[in-house]
Visitor: 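Just passing along the structure, written as structure tokens.
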Amino acid sequence: MSDPRRVLVVQGPNLNLLGTREPEVYGTTTLDEIHADLAAAAKAWGAEVEFFQSNHEGALIDRIQEAPSWADGILINPAGLGHTSVSLRDALAATGLPVVEVHLSNIFAREEFRRHSTISGVALGVVTGLGPIGYRLALEALLRHLGR
Ligand code: DQA
């Protein structure tokens with residue numbers, strides 16, 4: 001049997017508040033519930049996932065820099081940093097790993113400042129606006145890309 005595919009799931013600032021944060025925009029599913037669903041999906045697909053959430057750009061970058069020692073791909077919701085951070089984009093590009101970007105809300109249907117992502121240009125693809133299921137869809141796409 002071949003080695004399991006390994007995916008690092010990175011969650012940006014304020015996503016620890018999911019469940020209570022602006023529920024009319026982000027729904028009521030918590031981050032733990034999203035992670036439990038991803039872990040179950042990964043198990044069913046013979047893959048391994050690891051989760052990392054931080055409210056700090058530098059901590060996110062440090063974790064992304066370490067990713068290639070373990071992960072085959074990265075699934076990231078950069079949250080607000082995805083609209084502003086060149087450094088987060090550079091860190092993802094430097095890994096050389098395939099990246100899928102996820103947003104719970106449809107960033108193109110919201111304020112003007114959310115309609116641009118620094119990350120998308122280095123991503124394999126983007127899932128935006130589909131809510132929590134978007135993470136599962138992104139994981140499936142990434143695993144198919146990795147040839148699970
Ligand atoms: C978000 C969208 C961002 O604009 C926002 O700053 C977030 C969450 C989403 O998942 O819809 O924090 O990435």
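Just so you know, residue 1 is the first one in the sequence shown, and it goes up from there. Just so you know, ligand 1 is whichever comes first in the structure, and atom 1 is the first atom listed for that ligand.
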Visitor: Transitive ILVMFWY cluster of Ile76 at side-chain heavy atoms under 4.5 Å: who else is in it?
Guide: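 When side chains under 4.5 Å apart are linked, the cluster holding Ile76 also contains Leu8, Val10, Phe52, Leu60, Ile61, Ile64, Ile74, Leu81, Leu88, Leu92, Leu97, Val99, Ile119, Val122.
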Visitor: Give every residue pair that meets the salt bridge (charged side-chain N to carboxylate O under 4.0 Å, His left out) criterion with at least one member in residues 70-84, sequence neighbours excluded.
Guide: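 Matches after skipping sequence neighbours: none remain.
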Visitor: Output, or 'none' if empty, a list of ligand 1-protein atom pairs in which both atoms are N or O and the distance is under 3.5 Å, rounded to 0.1 Å.
Guide:
from     : atom 1 : to     : atom 2 : distance (Å)
ligand 1 : 4 (O)  : His83  : NE2    : 2.6
ligand 1 : 4 (O)  : Arg114 : NH1    : 2.8
ligand 1 : 6 (O)  : Gly80  : N      : 3.1
ligand 1 : 6 (O)  : Arg114 : NH1    : 3.1
ligand 1 : 10 (O) : Asn77  : ND2    : 2.8
ligand 1 : 10 (O) : Leu104 : N      : 2.7
ligand 1 : 11 (O) : Leu104 : N      : 3.2
ligand 1 : 11 (O) : Ser105 : N      : 2.8
ligand 1 : 11 (O) : Ser105 : OG     : 2.6
ligand 1 : 12 (O) : Arg21  : NH1    : 3.1
ligand 1 : 12 (O) : Arg21  : NH2    : 2.9
ligand 1 : 13 (O) : Asn77  : OD1    : 2.9
ligand 1 : 13 (O) : His103 : ND1    : 2.8

Visitor: Does any pair with a residue in residues 126-135 pass salt bridge (charged side-chain N to carboxylate O under 4.0 Å, His left out), and if so which ones, sequence neighbours excluded?
Guide: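 Salt bridge (charged side-chain N to carboxylate O under 4.0 Å, His left out) check on residues 126-135 returns no pairs.
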Visitor: For Tyr26, is the NZ or CZ atom of Arg21 found under 6.0 angstrom from the centre of its six-membered ring and inside 45 degrees of the ring axis?
Guide: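 Because its charged atom sits under 6.0 Å from the ring centre and within 45° of the axis, Arg21 does stack over Tyr26.
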Visitor: So that I can tick it off, tell me whether Glu140 and Arg136 are bridged by a salt bridge, with the cut-off set at under 4.0 angstrom between side-chain N and carboxylate O.
Guide: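 Between Glu140 and Arg136 there is no salt bridge, as every charged N stays at least 4.0 Å from the carboxylate O atoms.
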Visitor: Mind telling me whether His103 and His83 have parallel, tilted or perpendicular rings, with 30° and 60° as the class edges?
Guide: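 Rings of His83 and His103: parallel, under 30°.
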